[in-house]
Each structure stands twice: as structure tokens, then as C-alpha cells.
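First comes the structure, then the notes that go with it.
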Amino acid sequence: MPNFDAPDGSRLVFDDEGPRDGAAPPVLCLAGLTRDARDFRGLAAHLTPDRRVVRLDARGRGRSAWAKDPMKEYTLPVEVGDAIALLDHLEIAHAVVIGTSRGGLQAMGIAAGAKDRLAGVILNDIGPVVETAGLEAIMAYIGRQPEAKDRAGAARALSVSMARHYPDFGAADWYALAGDLFVFDKDGRPMLSYDPSLAEPVKAAFGTPQPDLWPLFDAFEGVPLACIRGAHSDILSAETLAEMARRRPDMAHVTLADRGHVPLLTEPEAVALIDRFLDRCAS
């Protein structure tokens, strides 16, 4: 299990797959607020025959160490520093970052402070304006252990709570998603795959004025950029995506039908955009 020490000594875990000797820049995958490297397994399986893919479990998520001080450690500046430290650890000069939700905000932070490390950025259902409806949905579940007694029950609960985000899902899809969202104890009971204390800084920030993130988005100037949006997203609105495209006319983007927050990045339209974009970044 590959791991490294973050700048403050926290032990963080990552996956590192694919060829090391290719000319194309590696891909660094940064997951959403409560998600981890598992979200990118399907995409990695597609990319790794030809390209190096690194998938990070952010601190407090997945297999990485939990914070000693959640209010100080579960912050975007610390997480941005962790991502840059991983590139340093692997001696990767620059990478294409695929950032899902909070991972996309981390990519903006990298652009603001270490733009030279970016060979390109793909934002997955995130932009400089985070919609209130999406934030309220996060507040309703973050830090709460699932009530289901087994994976099948967790899948059924997801099919109700997340129906609008994946309206084309069948029972097998929900069962697979439950396996990616939770970990399971020795009795098969689903548990959060992240530190419940992650809720503390998130809830503290909720209700305060949202910071202006457009300057961070504008920091992508000169960096190849793409964006994938779910048509039913409650985080990234069509209006925000339109403004992003106005500011960056060269930004490749696609809106996926039958997806909300977040696209899985295995949808044919998403894969096609990612493949084209990566070819562009390698040229």
C-alpha cells in the first residue's frame, strides 16, 4: 500500500498505476469531500494501459490517517499542500489533475500557488460557485453513520437518497456504488469511509458568506482546462458553467444527461472528453 508523509507528518495513502516511462504527463486524481481514490478505479482501468495514474486518499478519507486537529487539518490549504507534497514525493514535475468536487477546488488552489505543477486540469462537477442546495444536501449527511445493516440495505438507501443524481441506475449499479462509498465491518455492516470529524470544519463554514472563488478559477489562465458537469447537479449550475466557458473559451466541457453530483467518469461522453483532453495535454 503506497504511502508517504505529508508536510506535517500525517501518513497519506495513494495508488500509483500505469507505465512510468511514457512521455505523457501523469494523471493525479483528487476525490470529493467525503470520497476517496476508489471513485477513480473505473477511469484508471481505462487509462493505465498507456498512462500513469496516481489516486490520492486525502487525509481523513479512505486509508489515510485521520486528523489530530480536524478544524486545522481538514482545510483546502492543507489539502492543496498534501497534493503538491505527493507530486514531490513521486518526483513528478507536473501532472494533469482530475479533480472531483472538492478535488477540483484543490486544483484551483494548486493553480493559485504552484501553477507550474499543472499540465492540465479536468474539473468534475465543480466550479467557482458552489450552489446552496448542494451544500445543504451535504450538511444533511456528512458525519452520519449509515443506518443500513448490510451492503444490500445501503444500496437500497442510496437508491432513494441519490435517485435524482443517477436516474438510470438499476439495482446492480446501486450495489456497486455502496461498495465504493462505504467500508464494512466484520459483520458486513456499512460504515463511513472517512473520519466523521470531517463534519466539524464543514459545518462551521456552512452559513458563512461563500468566498469569491472566481480569482482561483482565473488562476488557471494558461493551463489547459476542461469541465464535466452532471445535468442534474446541485453543486455546479448551468449558469456557472456558462460563465466559466465565457472566461475560458478554450475550455472543453460536456454536460452529462442522467447524472447529478457527481459523474462517475466512466460515462462514454466523459471518457471521450478525457481522452481528447489528455491527448491535447501530451502534444
Side-chain angles (χ1 to χ4, degrees), residues 1-20 25-45 47-48 51-110 112-114 117-118 124 138 142-146 179-186 189-205:
M1 187 168 62
N3 59 78
F4 75 108
D5 289 337
D8 65 356
S10 296
R11 183 59 54 92
L12 305 184
V13 176
F14 61 94
D15 295 287
D16 187 0
E17 306 159 291
R20 309 292 196 274
V27 172
L28 173 62
C29 297
L30 302 176
L33 176 64
T34 62
R35 310 285 279 263
D36 55 56
R38 292 176 295 174
D39 273 6
F40 300 98
R41 284 189 300 197
L43 178 62
L47 295 177
T48 49
R51 183 181 297 270
R52 185 179 186 181
V53 177
V54 178
R55 299 178 286 130
L56 175 64
D57 279 352
R59 62 175 62 215
R61 287 79 150 187
R63 302 155 294 176
S64 289
W66 290 8
K68 295 178 180 177
D69 187 339
M71 293 298 294
K72 290 183 178 179
E73 294 183 47
Y74 295 142
T75 66
L76 279 171
V78 170
E79 293 166 3
V80 168
D82 291 344
I84 295 171
L86 175 56
L87 295 178
D88 291 342
H89 171 75
L90 296 174
E91 299 182 344
I92 294 174
H94 54 277
V96 176
V97 172
I98 301 179
T100 292
S101 195
R102 188 175 177 96
L105 298 180
Q106 293 165 13
M108 293 183 197
I110 297 172
R117 309 305 294 270
L118 297 174
N124 183 21
I138 291 169
I142 190 168
R144 295 177 56 189
Q145 293 288 355
D180 284 340
L181 288 184
F182 303 112
V183 293
F184 300 87
D185 67 16
K186 61 181 179 61
R189 189 180 183 94
M191 307 291 290
L192 294 179
S193 60
Y194 61 91
D195 178 1
S197 296
L198 178 63
E200 294 176 18
V202 174
K203 290 182 176 180

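Distance alone, capped at 3.5 Å, is enough to place a donor-acceptor pair between the S64 side chain and the D57 backbone. Between the side chain of R61 and the backbone N or O of D195 there is no donor-acceptor pair closer than 3.5 Å. Put simply, the side chain of E79 never gets that close to the backbone of Y74: no donor and acceptor are under 3.5 Å apart. Panel note: side chain R102, backbone R35; no donor-acceptor pair is recorded below 3.5 Å. Of the possible polar contacts, none joining the D82 side chain to the A6 backbone as a donor-acceptor pair under 3.5 Å is found. When atom types are taken as modelled, the side chain of D16 and the backbone of F14 share no donor-acceptor pair closer than 3.5 angstrom.
Contact check for P190 versus Q145: no side-chain heavy atoms found under the 4.5 Å cut-off. Contact of the F40 side chain with the L47 side chain is not registered, since no non-hydrogen atoms from C-beta on lie closer than 4.5 Å. Put simply, the side chain of P146 reaches to within 4.5 Å of the side chain of F182, judged on heavy atoms.
To the nearest 0.5 angstrom, L28 atom CG is 7.0 Å from L56 atom CG. Atom CG of L86 sits about 11.0 Å away from atom CG of N3, to the nearest 0.5 Å. Residue L30 holds its CG atom at 12.0 Å from OG of S101, rounded to the nearest 0.5 Å. We find the OG1-CD1 distance between T34 and I138 to be 7.5 Å, quoted to the nearest 0.5 Å. Considering CZ of R11 and CZ of R63, their distance stands at 13.5 Å, rounded to 0.5 Å. Separation of atoms CG (L87) and CD1 (I110) is listed at 6.5 Å; rounding is to 0.5 Å.
Across all non-hydrogen atoms, the minimal contact from D15 to A37 is OD2-CB, 3.7 Å. Here the shortest heavy-atom pairing between P25 and R51 reads O-NH1, 3.0 Å. Contact record, R117 with A93: NE-O, 2.8 Å, taken as the closest heavy-atom pair.
Using a 4.0 Å cut-off between charged nitrogen and carboxylate oxygen, K72 and D8 do not count as a salt-bridge pair. The existence of a salt bridge linking R41 and D180 is confirmed by a sub-4.0 Å separation between a basic side-chain nitrogen and an acidic carboxylate oxygen.
For the 3.5 Å distance criterion, the side chains of S193 and R38 qualify, holding a donor opposite an acceptor.
Evaluated for a side-chain contact (heavy atoms from CB on, under 4.5 Å) with Y194, the options D36, L181, I142 yield exactly one hit, I142. A side-chain contact (heavy atoms from CB on, under 4.5 Å) with P26 holds for exactly one of H94, R52, R20; it is R52.
With sequence neighbours excluded, the residues that form a side-chain contact (heavy atoms from CB on, under 4.5 Å) with P77 are T75.
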